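Report on the following structure.
Reckoned from all heavy atoms, side chains included, excluding hydrogens, waters and symmetry mates. Predicted model, so just to flag it, every value in this text is computed and none were measured.
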Amino acid sequence: MATFSQSTIDKGSDIVQDFLCSTCEDKKLDNTADFYCECCVKFFCGNCINLHSQLFTKHDTFGRKHMKKWPVTKKVEDFLLKCDVHRDENLKMFCDEHSELCCTNCAFLNHRHCPKVTLISDIVKIQSTDLKKLSVSIQTILEEMRKLQGNQEANLQYMQNSFDEQLQKIHETRRKINAALDTIQQKTLNEMKDTLTKLQASCKDDVDKCISLQDELKQLRDAIQDISDKSKLELSFIATRKCKDKIHHCETFLKKNSLGNKVSVTFQPNNEIIQYLSTLSDLGQIEHSAQTLMVQENPNKVITVQGKSVHNVRISSDSGVCNIGAICVLPEGQVLVADDNNKTIKLLDQQHKVVSHCSMTTWPFHMCQITPSEVAVTLKNIHEIQFITVNNRKLVTGRKLQLKHACFGIAFHKEDLYITDQTALYKYTLSGKKVSKMFEDKSGPYTVYRCAVSPTGDKLYITDTSHDKLLTLARDGSVLATFTDPALQGQGGIHVTPAGQVLVCGGSSHTIIQVDDEGRKKLAILATKEDGVVNPRSVCYNRHTASILVGLYYNNILVFKVQ
């Protein structure tokens, strides 16, 4: 059997094989082949084929438009032929009793007492294969695996949300107890966090398993597509067995994991805790339950505004008018606002009064939640990210990240930081290591202004203030949708609620609108200038008070009660 060289293939990705020019390879050059000569059994690049055609005028050559005439790649042959146990051995036999492909070593070690171990070369003479049907089956399984993966990724966020909600019950119960219960409270919180960690670890294992099985299925799918027209009977049989085994493995895995299951963390307070304080060791029981939800959160459920209040957030130390460019609500209900005109981050209480503040070295432009008590703030006109922690109703500045570009918009999801510099979107690790430049548009000065991420992390939203557009990107940075509307003139803030609802400010159009989660159409105008929305700079949903907070340029925030 002739062997052929090919370029490197990324591990774990779909099999994307390519051949190298045989002539160039002899010269130690790695040039991709564009033609195959059936007579020479060699490959040629665009330059070498000209000389070959002059020397061998009667040879039939096939370009990339006729790759069905090209041989099976060495990579695909090795992938299918090599024994999974004995990597240096080829699969040559099939044990009917165990329904297993085996090499000579496997046959000797594990199947020598089996009644029927047959050479594959003999089986293919009497048994046919249907690779196209297998390809369809793999595609079906891949779709189910993708659904399960997406469900489990959403489940991670659902568990975190339930954890955040139950945390409120703990604090409500805790307020009825005196300060002597601090130790017991801490034990309960630690137990709940341990429960969440264990649950998330299990769910993450399922996600990782989904990704692994999908990679294996994709490799098999591409392999059988490559050999489907090659009349390679042995390869076809081996591919058939491998596909059926892998499909069975995936089906078993899918049966064990229901798409509808939602695992939540709950806290059950003990109502008699004060009476029996001396006998208790915790504030209540931490539980989790898996249930099939008939109704899931709808990211396109239209928000209805029911009332409004105005709150002044100016403090005595402010030197100028407050400009609330960013708002963030933490899981325990704390509200932080970024007053960029006064270079200050302010902490608000439940009545939206400032209870603490800390000064920044320059203008704080945007911020996002990192942990239940920590936010990250972009500092305008310098290349820094400042981390701030809420501790006992006080703001404490922490570490900084120094980047090599300007920092404007910021969002966070699963250890990934997404940062804009006005014309590009970057992905960083939480430690500040640059992962990639995901998107760039230099057609204007503010084409990549602010950003937000969906609860499951599958979509990124960026505002293009230069062209009054909202862009929706996939995980890889590709553009999924572009949305324009008269209500988005001079865009300000953008925010995604825990349910996935997308809220956008129209700065100079004085509006707050809701856009569908695909980023393709306007669902509702939530508030306008008539409602007091004048030059809105930021917007954020507060699940604890069922309200939308809007930051304005003139000292105030608006609080809209919603349903």
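- In the model, Asp476 has a side-chain atom that pairs as donor or acceptor with a side-chain atom of Ser478 under 3.5 Å.
- Between Thr497 and Ile548 there is no side-chain heavy-atom pair separated by less than 4.5 Å.
- Contact check on Lys193 versus Glu191 returns no salt bridge, with no Lys/Arg side-chain nitrogen under 4.0 Å from an Asp/Glu carboxylate oxygen.
- Within the 4.5 Å cutoff, side-chain heavy atoms of Ile303 are placed close to those of Leu503.
- Residues that satisfy the side-chain hydrogen bond (donor to acceptor under 3.5 Å, both in side chains) test with Tyr426, not counting sequence neighbours, are Asp421.
- Remark: Lys529 NZ is loosely packed, at most 12 non-hydrogen atoms of other residues, nucleotides or ligands lying under 6.0 Å away.
- Side-chain contact between Cys210 and Phe253: present, with at least one pair of heavy atoms (C-beta onward) separated by less than 4.5 Å.
- Note that CG of Asp485 and CG of Leu488 are 5.5 Å apart. Values are rounded to the nearest 0.5 Å.
- Applying the ring pair (Phe, Tyr, Trp, His ring centres under 6.0 Å) test to residues at least two apart or on different chains, none of the pairs has a partner in residues 464-522.
- Counting non-hydrogen atoms of other residues, nucleotides and ligands closer than 6.0 Å to CD of Gln563 gives a total of 12 or fewer.
- Scanning both residues, Pro299 and Asp517, for their nearest heavy atoms gives CG-OD2, 3.6 Å.
- Between Asp441 and Ser443, the closest heavy-atom pair is OD1-OG, 2.7 Å.
- The shortest distance between side-chain heavy atoms of Gln501 and Asn300 does not fall below 4.5 Å.
- Annotation: side-chain contact (heavy atoms from CB on, under 4.5 Å) contacts of Val354 (sequence neighbours excluded): Val313, Ile315, Lys346, Leu348.
- The OG1 atom of Thr378 sits 6.0 Å away from atom CD1 of Ile410, with the distance rounded to the nearest 0.5 Å.
- Using a 4.5 Å heavy-atom threshold, the side chains of Ser466 and Pro445 count as touching.
- Residues passing the side-chain hydrogen bond (donor to acceptor under 3.5 Å, both in side chains) test with Gln351, sequence neighbours excluded: none.
- Residues meeting the side-chain contact (heavy atoms from CB on, under 4.5 Å) test with Val435, sequence neighbours left out: Lys427, Thr429.
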Q) Checking salt bridge (charged side-chain N to carboxylate O under 4.0 Å, His left out) for the pair Asp208/Lys204: CA distance, chi angles, key distance, verdict? A) CA-CA 6 Å; Asp208 292 340; Lys204 180 63 166 55; 2.8 Å; yes
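- Within the structure, ring pair (Phe, Tyr, Trp, His ring centres under 6.0 Å) pairs that include any residue of residues 338-368 comprise His311-His352, Phe365-Phe408, Phe365-Tyr449 (at least two apart or interchain).
- Note that the CG atom of Asp205 and the OG atom of Ser212 stand 12.0 Å from one another [nearest 0.5 Å].
- Remark: side-chain polar atoms of Thr344 are not paired, donor with acceptor, to backbone N or O of Cys358 under 3.5 angstrom.
- Environment of NE2 in His249: sparse, with no more than 12 heavy atoms of neighbouring residues, nucleotides or ligands closer than 6.0 Å.
- At a threshold of 4.5 Å between non-hydrogen side-chain atoms, the residues Thr304 and Val562 do not count as touching.
- Of the possible polar contacts, none joining the Gln514 side chain to the Ala524 backbone as a donor-acceptor pair under 3.5 Å is found.
- Residues passing the salt bridge (charged side-chain N to carboxylate O under 4.0 Å, His left out) test with Asp458, sequence neighbours excluded: none.
- Scanning for side-chain contact (heavy atoms from CB on, under 4.5 Å) contacts around Asn555 gives Asn312, Arg314, Val321, Cys322, with sequence neighbours left out.
- Applying the side-chain contact (heavy atoms from CB on, under 4.5 Å) rule to Thr371 yields the partners Ser373, Glu374; only residues at least two apart in sequence or on another chain are considered.
- Judged purely by atom type and a 3.5 angstrom limit, Ser454 uses its side chain to pair as donor or acceptor with the backbone of Lys459.
- Using a 4.5 Å cut-off on side-chain heavy atoms (C-beta onward), Thr252 and Leu254 make no contact.
- Taking Lys400 as the reference, Glu384 meet the salt bridge (charged side-chain N to carboxylate O under 4.0 Å, His left out) condition, with sequence neighbours excluded.
- Taking the side-chain hydrogen bond (donor to acceptor under 3.5 Å, both in side chains) definition, one finds that His544 meets it with nothing, sequence neighbours left out.
- Partners of Ser356 according to the side-chain hydrogen bond (donor to acceptor under 3.5 Å, both in side chains) rule, which considers only residues two or more places apart in sequence or in another chain, do not exist here.
- Asp206 and Gln152 are linked by a side-chain donor-acceptor pair at a separation below 3.5 angstrom, with hydrogens and angles left out of the test.
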